[in-house]
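Note sheet for the following structure.
Bear in mind that the values here come from a model prediction, so they are computed numbers and not experimental data. In what follows, chains are A, B, ... by sequence order, proteins preceding strands, each numbered from 1.
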There are 2 protein chains.
Amino acid sequence: MSLRHGLLGLLAEGPASGYDLTQHFQTALGTVWPAQHPKIYAELTRLAEDGLIEVESLGPRGRKAYRITGSGLVEIRRWLAEEPVDHTLRQEPLLRAFFFWLMTPEQLDAHLRQEAAFFSAAAEQLRSFAAAKDRGEFGSAPPTQSVRIAIEAGIRLYGALAEWAEWARDAPPVLPERPGAEIID
Amino acid sequence: MSLRHGLLGLLAEGPASGYDLTQHFQTALGTVWPAQHPKIYAELTRLAEDGLIEVESLGPRGRKAYRITGSGLVEIRRWLAEEPVDHTLRQEPLLRAFFFWLMTPEQLDAHLRQEAAFFSAAAEQLRSFAAAKDRGEFGSAPPTQSVRIAIEAGIRLYGALAEWAEWARDAPPVLPERPGAEIID
DNA sequence: GAGCGCATGTAAAGGGTTACATGATTCT
DNA sequence: AGAATCATGTAACCCTTTACATGCGCTC
């Protein structure tokens with residue numbers, strides 16, 4: 001149930017509408033915590049019901065901006081400081097790795113090349129984003145500093161995966177005992 | 001819907017019961033793809049209905065072992081080779097990083113210390129597991145080699161996160177423009 | 001005035017976790 | 001005999017995604 005706190009955290013920076021928040025969850029935040037608009041709108045309604053946020057203003061096209069309340073701020077801080085961290089890792093690319101032995105060497109090499117390319121590109125994109133931050137393009141307010149730290153984690157994560165995929169490509173050759181035996185069903 | 005293929009992949013190694021598979025998903029596999037027994041039993045039933053696996057034997061205490069079928073093997077290989085990889089990353093620890101600026105310096109330091117400890121321990125555990133594999137304690141059959149590769153990814157991932165947490169601890173000090181202003185609500 | 005982007009929502013279905021429920025076998 | 005472990009399953013709930021649905025406002 002972290003989307004709730006993700007929204008609360010974003011609203012701690014200032015008022016925003018469901019639409020605004022959806023944009024956030026489609027860029028930087030979305031890389032580590034994906035969320036689509038139906039869930040966001042629903043959760044905002046619940047947060048308002050619980051008094052953690054409130055409607056700040058109504059704008060054109062039915063726009064509804066929310067503002068975090070005092071209890072909302074208390075709640076996000078409580079969550080950050082007291083709630084145990086959920087370290088769950090769920091990575092399809094790593095699940096697949098357990099079954100690499102079912103692929104032909106050609107398939108595996110092609111796969112790992114694609115994976116390495118994907119992860120390198122992801123790392124690179126974050127790196128250029130971080131560089132812009134470091135150049136001061138987004139100011140140096142505390143939220144911006146935190147985004148910089150979060151991005152650093154992404155850079156290191158994707159970097160590690162890219163290197164892993166390259167390592168896996170040539171390092172341990174998968175040699176069936178009876179060559180080809182596993183490939184025929 | 002990758003649990004389906006996770007089960008198929010495990011059954012490609014040999015027959016197993018829902019209970020056996022649950023154990024698998026609580027150790028190595030579980031680190032990258034958690035799954036609980038209710039989902040596993042349900043999915044096994046569906047896989048059997050679809051003819052991708054079949055009951056191999058009935059044992060004591062109602063034990064029901066499944067075996068992968070020809071079409072099951074075709075399906076897992078098709079998935080590995082053709083189905084696009086889902087790169088979704090969802091990491092609560094990284095979501096929290098976006099909101100570090102809402103924590104007091106003391107809270108943040110304590111938090112990062114705990115995180116670093118957690119990730120180091122996770123990496124270390126996988127490292128010793130990998131060392132056992134490298135000593136040949138589990139043989140050198142193709143599935144074992146793949147497990148080794150998967151574990152290597154986990155080691156690098158957790159290692160990167162551990163280093164990140166250490167880096168974040170002392171690197172960029174979060175200095176509010178008006179000291180303390182953001183901490184009071 | 002056509003098209004795009006802004007803006008919000010509902011409904012249905014899928015995927016996963018937790019709690020509940022039960023019983024057999026093995027080990028001490 | 002009692003405890004631990006093996007073993008399977010159902011029910012309720014939660015979270016998330018995808019598809020459907022609608023309409024306003026701005027720009028060309």
For [X] and [N], what is the distance between atoms [atom1] and [atom2] respectively, to the nearest whole Å?
X: B/Asp20; N: D/dT8; atom1: CG; atom2: C1'; answer: 13 Å
X: A/Gln26; N: C/dC6; atom1: CD; atom2: P; answer: 11 Å
X: A/Tyr66; N: C/dG9; atom1: OH; atom2: C1'; answer: 11 Å
X: A/Phe25; N: D/dC15; atom1: CZ; atom2: C1'; answer: 14 Å
X: B/Lys39; N: D/dC13; atom1: NZ; atom2: P; answer: 19 Å
X: B/Arg61; N: D/dA7; atom1: CZ; atom2: P; answer: 5 Å
X: B/Leu7; N: D/dT8; atom1: CG; atom2: P; answer: 13 Å
X: A/Met1; N: D/dC13; atom1: CE; atom2: C1'; answer: 12 Å

Fill in the blank from the handout: Taking for B/His37 and for B/Arg46 the nucleotide of DNA chain C with the nearest heavy atom, the one nearer the 5' end belongs to B/Arg46
Practice task
Considering just the side-chain nitrogens and oxygens of A/Tyr19, establish if one lies under 4.0 Å of OP1 or OP2 belonging to C/dT8.
Solution key: no
Problem - Phosphate OP1/OP2 of C/dT8: any A/Tyr41 side-chain N/O under 4.0 Å - result: yes
Practice task
Give one of base, sugar-phosphate or nothing for B/Ser17, where a contact means two heavy atoms less than 4.0 Å apart.
Solution key: sugar-phosphate
Exercise for the section: Pick base, sugar-phosphate or nothing for A/Arg90, based on heavy-atom distances below 4.0 Å to the nucleic acid. Expected result: sugar-phosphate
Problem - Selected nucleotide, minimal atom distance to B/Lys64 side chain, candidates C/dG16, D/dA19, D/dG9 - result: D/dG9
Exercise for the section: Please answer whether the main-chain N or O of A/Ile149 pairs with a side-chain N or O of B/Trp164 as donor and acceptor at a distance below 3.5 Å. Expected result: yes
Problem - Donor-acceptor pair, side chain of B/Ser120 and main chain of B/Ala162, under 3.5 angstrom - result: no
Fill in the blank from the handout: Interatomic distance, CD1@B/Ile151 vs CG@B/Leu126, rounded to 0.5 Å, equals 6.0 Å
Practice task
Establish, yes or no, whether the cationic atom of A/Arg156 lies under 6.0 Å from the six-membered ring centre of B/Trp167 and within 45° of the ring axis.
Solution key: yes
Practice task
Using the closest heavy atom to pick a nucleotide of DNA chain D for each, name whichever of B/Gln23 or B/Thr88 lands nearer the 5' end.
Solution key: B/Gln23
Practice task
Let me know, please, whether A/Pro34 or B/Pro60 comes out on the 5' side of the other along DNA chain D by nearest nucleotide.
Solution key: B/Pro60
Practice task
Would you check if the distance from the ring center of B/Tyr19 to the ring center of B/Tyr41 is below 6.0 Å?
Solution key: no
